[in-house]
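For reference, the structure is listed below as structure tokens.
The chain is numbered in sequence order, starting from 1. Because the structure is a prediction, the values reported are computed rather than measured.
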Amino acid sequence: MPVTVRKAVAEDLHQVYPLLRDSTLNSSWIPFESRKRMFQPQWGGKEGYYGYVMEDGDEVVGFLGTLFTERDVQGRRHKFCEIHSWFVKDEYRNESLKLFLPVMSIRKATLLNYTPTQTVYDISKKFGWEDLETQILQFLPVPTPRILGAGYRIEARKQVIVQHLDEADRKIFLDHENLDCRHYLITRRGSTEYLYVIVKKLRLRKYIPFGRILYASNKPMLLDAIDGLRMRLCRRLGLAFVVIDHAELADLLHQRGTPAFTRVVKREVPSQYKSRDLKAEDIGPALYTLPLLIGYRLH
């Protein structure tokens with residue numbers, strides 16, 4: 001009997017979970033309770049399905065997940081579809097593209113893949129996908145003369161942070177307050193200006209803990225405060241270093257120079273996107289993503 005492909009619905013979780021648990025994916029360790037979020041509407045998504053399953057009779061032998069989200073880009077509501085967790089059992093590998101082709105028929109959304117393998121990256125390139133994040137900026141926790149303290153204050157209590165945020169940042173806070181990430185508010189004495197930062201603790205090759213800055217509301221202030229902030233974060237969270245998408249600070253770095261003890265690191269496999277009306281710089285930080293939602297690293 002030939003395999004069939006159909007949309008994945010909430011009830012498919014109980015067959016998809018063991019398939020992914022026993023897979024060769026880097027995210028195979030993700031627990032059931034976290035996987036449940038893959039089969040629930042998130043961040044404005046209301047498509048009613050969560051990817052595609054491949055079946056041989058009654059058995060699910062393959063899966064490709066989709067996370068639909070919506071958010072404002074340049075004042076307009078925009079739909080995104082992130083693909084993730086693409087896995088097919090060995091004996092069905094020659095059928096894998098049957099899961100990918102339906103994604104290419106999604107016309108009214110920007111397609112994303114934040115964690116492609118080299119194989120998936122190469123396949124997507126052939127279908128017109130473009131590079132999204134290609135480099136990260138790595139801040140090393142080396143003391144410098146500009147340590148945070150001269151007029152700066154860092155606040156980590158959520159109930160205090162939310163009181164100081166404007167409407168846009170408050171929405172971001174509420175969208176992420178129950179996820180496994182850290183929130184910080186940096187203020188400067190004698191000023192109403194603030195920097196709101198969301199940080200996720202991750203691990204590089206399972207052993208090296210590092211912090212990923214997922215969101216920084218005030219990028220000039222981030223550069224002003226980064227020397228002390230990276231030291232505080234590394235001490236408080238036990239991190240080896242802190243990173244951010246290089247593209248987010250590229251223009252400022254061109255104007256102001258790169259902070260000391262900071263280096264640019266090329267991603268082994270860039271993240272990718274395909275869009276009819278957005279460019280890479282329009283998509284913004286990787287805040288509304290499946291890795292953040294269920295708890296694994298973005299690169």
Side-chain angles (χ1 to χ4, degrees), residues 1-43 45-69 80-106 109 111-124 176 178-181 200-207 268-269 271-272 286 288-299:
M1 180 183 294
V3 297
T4 57
V5 171
R6 61 170 175 80
K7 290 180 178 178
V9 295
E11 291 75 18
D12 291 314
L13 167 64
H14 295 280
Q15 287 197 74
V16 170
Y17 172 70
L19 175 76
L20 299 182
R21 180 198 59 205
D22 299 332
S23 74
T24 56
L25 297 176
N26 290 334
S27 61
S28 61
W29 58 271
I30 299 293
F32 180 80
E33 287 303 312
S34 296
R35 289 284 185 201
K36 283 171 61 175
R37 297 174 183 168
M38 293 167 37
F39 288 82
Q40 299 167 349
Q42 304 288 346
W43 294 316
K46 46 184 180 291
E47 300 305 304
Y49 69 98
Y50 306 98
Y52 299 90
V53 291
M54 178 182 293
E55 294 178 312
D56 185 350
D58 294 329
E59 181 187 5
V60 172
V61 297
F63 175 72
L64 189 154
T66 57
L67 174 66
F68 287 95
T69 59
F80 295 86
C81 173
E82 177 188 352
I83 69 170
H84 61 86
S85 310
W86 186 2
F87 178 75
V88 177
K89 288 187 174 182
D90 286 343
E91 56 268 39
Y92 299 92
R93 287 290 169 86
N94 61 342
E95 308 278 4
S96 294
L97 274 180
K98 291 183 178 180
L99 287 168
F100 184 72
L101 292 177
V103 173
M104 296 307 301
S105 67
I106 299 172
L111 304 177
L112 300 166
N113 188 349
Y114 286 103
T115 56
T117 62
Q118 186 64 58
T119 299
V120 173
Y121 176 88
D122 293 339
I123 292 172
S124 301
H176 296 82
N178 295 320
L179 298 182
D180 184 18
C181 50
K200 172 73 174 174
K201 183 175 181 178
L202 303 165
R203 291 191 178 273
L204 180 64
R205 300 183 186 93
K206 298 184 180 180
Y207 305 109
E268 292 181 8
V269 183
S271 57
Q272 293 178 289
Y288 294 88
T289 68
L290 195 281
L292 180 58
L293 186 67
I294 69 173
Y296 64 99
R297 63 189 177 94
L298 283 157
H299 72 283

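- Scanning both residues, S271 and P116, for their nearest heavy atoms gives CA-CD, 4.0 Å.
- At least one side-chain heavy atom of F100 sits under 4.5 Å from a side-chain heavy atom of S124.
- Separation of the H14 and F32 ring centroids falls under the 6.0 Å cut-off.
- The shortest side-chain heavy-atom distance between D56 and E91 does not fall under the 4.5 Å cut-off.
- Considering only heavy atoms from C-beta on, F68 comes within 4.5 Å of I106 through its side chain.
- Paired with F87 under the rule side chain to side chain contact (heavy atoms under 4.5 Å, CB included), one option of L19, D22, L99 passes, and it is L19.
- F63 is not listed as a side-chain neighbour of M54, based on a closest heavy-atom distance of 4.5 Å or more.
- For E268, the CD atom is loosely surrounded, since the number of other residues' heavy atoms within 6.0 Å does not exceed 12.
- The two atoms that bring R93 and V88 nearest to each other are NE-O, 2.6 Å, heavy atoms only.
- Under a 3.5 Å cut-off, the side chain of R6 and the backbone N or O of V53 do not form any donor-acceptor pair.
- Contact of the L20 side chain with the L25 side chain is registered, since non-hydrogen atoms from C-beta on lie closer than 4.5 Å.
- Between the CD1 atom in I83 and the OG1 atom in T115 there is a gap of 8.5 Å [rounded to 0.5 Å].
- With R35 contributing its side chain and Y17 its backbone, the two residues share no donor-acceptor pair below 3.5 Å.
- The two atoms that bring E82 and T289 nearest to each other are OE1-CA, 3.3 Å, heavy atoms only.
- Ring geometry for Y50 against F39 counts as tilted: the plane angle lies between 30° and 60°, on a 0 to 90° scale.
- For the pair W86 and I123, the minimum side-chain heavy-atom distance is below 4.5 Å.
- Within the 4.5 Å cutoff, no side-chain heavy atoms of P291 are placed close to those of K200.
- Using a 4.5 Å heavy-atom cutoff, the side chains of T117 and N26 are not in contact.
- In the displayed structure, D180 atom CG is contacted under 6.0 Å by at most 12 heavy atoms of other residues, nucleotides or ligands.
- Minimum interatomic distance between S85 and M38 (heavy atoms only, all atoms of both residues): OG-CE, 4.2 Å.
- To the nearest 0.5 Å, atom CG of residue L290 and atom OG1 of residue T66 are 9.5 Å apart.
- A donor-acceptor pair is defined here as one N or O able to donate and one able to accept, closer than 3.5 Å; no such pair exists between the side chain of Q42 and the backbone of L67.
- Between Q272 and V120, the shortest heavy-atom contact is OE1-O, 4.2 Å.
- A donor-acceptor contact shorter than 3.5 Å links the side chain of D12 to the backbone of V9.
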